[in-house]
Amino acid sequence: MPALAAELVMYTRDSCPFCRRFEREVAPVYAATPEGRRAPLRRVELPAGGIRGGGLNEPVIATPTFVLVDDGRERGRITGYLNDDMFWGLLGRLVAGIDTAEQTQEHRAETP
């Protein structure tokens with residue numbers, strides 16, 4: 001398994017009902033999943049007016065927004081939360097994308 005460099009940043013607000021739903025349905029098991037071990041969850045309170053910069057591809061203005069960060073750069077995002085099935089499907093694709101990129105880099109490093 002590759003070194004732990006990725007994280008899933010959840011931009012949240014206390015008043016967000018979809019954030020609370022995520023906290024009930026996904027958060028209790030997230031760390032125990034392969035995705036959770038590969039990209040630990042970090043919560044960030046989204047300030048009024050949103051947030052930009054800091055390796056983001058575009059501003060974050062809605063909650064919840066989940067940004068997959070690897071090596072300090074955004075690798076993908078999920079905006080919104082409807083249910084756990086949709087979340088896990090989308091997150092699985094994002095995490096597979098960073099795993100594929102790392103495998104490609106490893107292969108290039110090994111090729112003379």
A.B. asks: Are Phe66 and Tyr11 close enough, and set up right, to give a side chain to side chain contact (heavy atoms under 4.5 Å, CB included), and what steps lead you there?
C.D. replies: CA-CA 6 Å; Phe66 303 89; Tyr11 291 92; over 6 Å; no
A.B. asks: Using side-chain heavy atoms (C-beta onward) and a distance below 4.5 Å, is Leu56 in contact with Ile51?
C.D. replies: yes
A.B. asks: Between Met10 and Ile78, is there shared hydrophobic-cluster membership here, with clusters defined by ILVMFWY side-chain heavy atoms closer than 4.5 Å?
C.D. replies: yes
A.B. asks: Do you know which of Val69, Leu8, Leu68, Val60 makes side chain to side chain contact (heavy atoms under 4.5 Å, CB included) with Arg77?
C.D. replies: Val60
A.B. asks: Between atom CG of Asp70 and atom CD of Glu74, what is the distance when rounded to the nearest 0.5 Å?
C.D. replies: 12.0 Å
A.B. asks: How long is the gap from CZ on Phe18 to OG1 on Thr63, to the nearest 0.5 Å?
C.D. replies: 9.5 Å
A.B. asks: For the CG atom of Leu82 and the CZ atom of Arg21, what is their distance to the nearest 0.5 Å?
C.D. replies: 7.5 Å
A.B. asks: Taking all heavy atoms of Arg13 and all of Cys19, pick out the closest pair and write down the distance.
C.D. replies: N-SG, 4.0 Å
A.B. asks: Does anything in residues 39-67 form a salt bridge (charged side-chain N to carboxylate O under 4.0 Å, His left out)? List the pairs, not counting sequence neighbours.
C.D. replies: Glu7-Arg42, Glu23-Arg43
A.B. asks: In Å, rounded to the nearest 0.5 Å, how long is the span from CG of Leu41 to OH of Tyr30?
C.D. replies: 6.0 Å
A.B. asks: Please name the pair of heavy atoms, one in Ile98 and one in Arg38, separated by the smallest distance, quoted to 0.1 Å.
C.D. replies: CD1-NH2, 3.7 Å
A.B. asks: Show me, pair by pair, the donor-acceptor contacts under 3.5 angstrom made by side chains of residues 83-95, not counting sequence neighbours?
C.D. replies:
| unit_1 | atom_1 | unit_2 | atom_2 | d |
| --- | --- | --- | --- | --- |
| Asn83 | OD1 | Asp85 | N | 3.2 |
| Asn83 | OD1 | Met86 | N | 2.8 |

A.B. asks: Using side chain to side chain donor-acceptor pair (under 3.5 Å) as the criterion, list what pairs up with Tyr81, not counting sequence neighbours.
C.D. replies: Glu25
